[in-house]
2 protein chains.
Amino acid sequence: MSAVSCTAAVGRPRAFDMQTALEKALDVFWTKGYDGASLSDLTSAMGINKPSLYSAFGNKEQLFLKAIEFYENRPCSFFKPALEQPTAYQVAETMLIGAAKNMSDASHPQGCVMVQGALACSEAASGVKEVLTQRRQKSEEDLRERLELAIAQKDLPSDTDAAALSRYLCTVINGIAIQASSGATEAQLVEVANMALASFPKGE
Amino acid sequence: MSAVSCTAAVGRPRAFDMQTALEKALDVFWTKGYDGASLSDLTSAMGINKPSLYSAFGNKEQLFLKAIEFYENRPCSFFKPALEQPTAYQVAETMLIGAAKNMSDASHPQGCVMVQGALACSEAASGVKEVLTQRRQKSEEDLRERLELAIAQKDLPSDTDAAALSRYLCTVINGIAIQASSGATEAQLVEVANMALASFPKGE
DNA sequence: GGGGTTATATACTCTTTAGTACAATACAGA
DNA sequence: TCTGTATTGTACTAAAGAGTATATAACCCC
């Protein structure tokens, strides 16, 4: 009985890589949304069959939640790293330009799974819709806190409304997600990002 | 054989109002999306049963298309009327503030059915997704043409990029749709709309 | 090499899906 | 009132949905 529950090396070994399979599942949910993705879609994309999916990931809902968890922590994720830029303007710029580039990137589905994964959906998907909404709101709050820090550091005017500015930036990012999902090019979206940055308050 | 094909008054008369039923169907699609809306959801909301739905509207896809047609032409629609404002700035302002107010209005589902009706969806919904994308692009083009007119009228600087400006405004409107769908209040969205208007080019 | 354990593949369950057949019903015109 | 036509309600179909039972296969440890 080992104290550390390291991946039990007993029994038949799993014949697929969970990370890879999760990535494939993410692509399906990203493209089709939670309601639009059937288990057949998922298993055939993941290259496994249903019992393997269920034993490895629980069920459709848990698979979705693990897929978006993976999505948020991918190395090419743009939101969290942007918060670490030195100035508020650079945070906004990195975030918007990052969104424009990432969401139109042809190496994965267009748009943002946090937006289009379950926007309008059946009752069966209401749980995941709730989670997505909360995650988006959490991002908006994280950005607000970063902007409040910038105000405290005199990097932004003291009368800046951090909540409103954060909401504005997140609104544009969400809009970019829709445009990307509709086929907008990277150049078009970067242009939109720069226009949105034009109204960013000047530091003093 | 009358020349005008007025509603044939032969046979058993329809027991429900098609307009009202269509409005109910719209609400279902608006809330649940095309994939998430089942025929049971639709018929129970519309207060009719399946054969009536099929004989009156064709099938699920045609019902959806008629529902969004109705949506676009409703009196409380905000996009088309905004294009008729006298100045480009007023067009943008009317459109953004209208979007903010309309999409958070509690008298119908939040957000925009043209955005959330079929954003990421199954193959069965790919036809309606295509239509929605085209309609959104058409709106963007209509706005671009209105802005080009403004440039010709010296209402906007001659070096204004009408396509980019139109895309920017539509991006914000789409973002507002997401925020509204996530529960943002009218006040919050109007604030976002005003921030977006801050970067609108000044007339000369 | 055998025993315990876990994954795999096939084949199944039950529910819900979109869509329809058909008999009964309600109206207009003759 | 009779006839033709179109809608209605009930009951149905065939396919697809999510999820599972079971037998077999592959590994580690003893």
Side-chain angles (χ1 to χ4, degrees), chain A residues 1-2 4-22 24-25 28-29 32-67 118 121-128, chain B residues 1-2 4-22 24-25 28-29 32-67 118 121-128:
Chain A
M1 186 204 280
S2 95
V4 180
S5 107
C6 60
T7 326
V10 72
R12 178 173 176 173
R14 189 162 275 137
F16 62 94
D17 180 53
M18 286 188 68
Q19 197 86 335
T20 309
L22 198 56
K24 296 290 185 187
V28 175
F29 284 128
K32 302 194 166 186
Y34 185 83
D35 278 331
S38 73
L39 278 177
S40 310
D41 293 331
L42 292 164
T43 52
S44 69
M46 297 164 88
I48 63 181
N49 38 34
K50 283 196 270 188
S52 297
L53 188 155
Y54 279 86
S55 91
F57 301 103
N59 61 13
K60 189 183 175 186
E61 180 165 355
Q62 287 170 45
L63 174 62
F64 182 88
L65 296 176
K66 282 168 182 146
C121 59
S122 68
E123 273 135 38
S126 64
V128 308
Chain B
M1 188 204 280
S2 96
V4 181
S5 109
C6 61
T7 325
V10 73
R12 179 172 175 172
R14 188 161 278 135
F16 62 94
D17 179 52
M18 286 189 66
Q19 195 88 333
T20 309
L22 197 56
K24 296 291 185 185
V28 174
F29 284 129
K32 302 195 167 185
Y34 185 82
D35 278 331
S38 73
L39 278 177
S40 308
D41 292 331
L42 291 164
T43 52
S44 69
M46 297 165 87
I48 63 180
N49 39 34
K50 283 196 271 187
S52 298
L53 188 156
Y54 279 86
S55 92
F57 301 103
N59 61 13
K60 190 184 174 184
E61 180 164 356
Q62 287 169 48
L63 174 61
F64 182 88
L65 296 176
K66 282 168 182 146
C121 58
S122 69
E123 274 133 39
S126 63
V128 306

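First the proteins, then the strands, lettered A, B, ... as listed; each starts at 1.
A sub-4.0 Å separation between OP1 or OP2 of C:dA9 and a side-chain N or O of A:Asn49 is present. Applying the 4.0 Å criterion to OP1 and OP2 of D:dA16, one finds that A:Ser40 has every side-chain N and O outside that range. For C:dT8, the OP1/OP2 oxygens have a side-chain nitrogen or oxygen of A:Ser52 closer than 4.0 Å.
Summary of the strand contacts: A:Asp35 and B:Ile48 both lie near DNA chain D, and taking for each the nucleotide with the nearest heavy atom, the more 5' one is attributed to B:Ile48.
Without hydrogens or angle criteria, B:Lys24 side chain to B:Ser44 main chain gives no donor-acceptor distance under 3.5 Å. Between the side chain of B:Tyr34 and the main chain of B:Ser126, no donor-acceptor pair closer than 3.5 Å is present.
Here D:dG17 presents its P atom at 10 Å from CG of A:Leu42, a figure rounded to the nearest Å. Between the CG atom of B:Leu53 and the P atom of C:dT20 there is a distance of 12 Å, rounded to whole Å. As rounded to whole Å, 15 Å separates atom P of D:dA18 from atom CD of A:Gln62. Rounded to an integer number of Å, the gap from CZ of B:Phe57 to P of D:dT8 is 10 Å. If you measure from atom CZ of B:Phe16 to atom C1' of D:dG9, you get 13 Å, rounded to the nearest angstrom. Between the C1' atom of D:dA15 and the CG atom of A:Asp41 lies a distance of 15 Å, rounded to the nearest Å.
Residue B:Glu123 places its CD atom among 12 or fewer non-hydrogen atoms of other residues, nucleotides or ligands, all under 6.0 Å distant.
Taking all atoms of both residues into account, the shortest heavy-atom contact from B:Val28 to B:Ala37 is CG1-CB, 3.7 Å.
Using a 4.0 Å heavy-atom cutoff across all strands shown, B:Ala15 reaches sugar-phosphate atoms only and no base atom.
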Open item on the list: I'd like to compare against my own output: the B/S/- annotation of nucleotides 19-28 of chain D with a strict under-4.0 Å heavy-atom distance to protein.
Closed with: BBB---BBBS
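Taking the side chain to side chain contact (heavy atoms under 4.5 Å, CB included) definition, one finds that A:Ala21 meets it with A:Phe16, A:Met46, A:Phe57, sequence neighbours left out.
Taking the side chain as every heavy atom from C-beta outward, B:Tyr54 and B:Leu39 approach each other to under 4.5 Å.
Atom CG of A:Leu22 is separated from atom CG of A:Leu63 by 6.5 Å, given to the nearest 0.5 angstrom.
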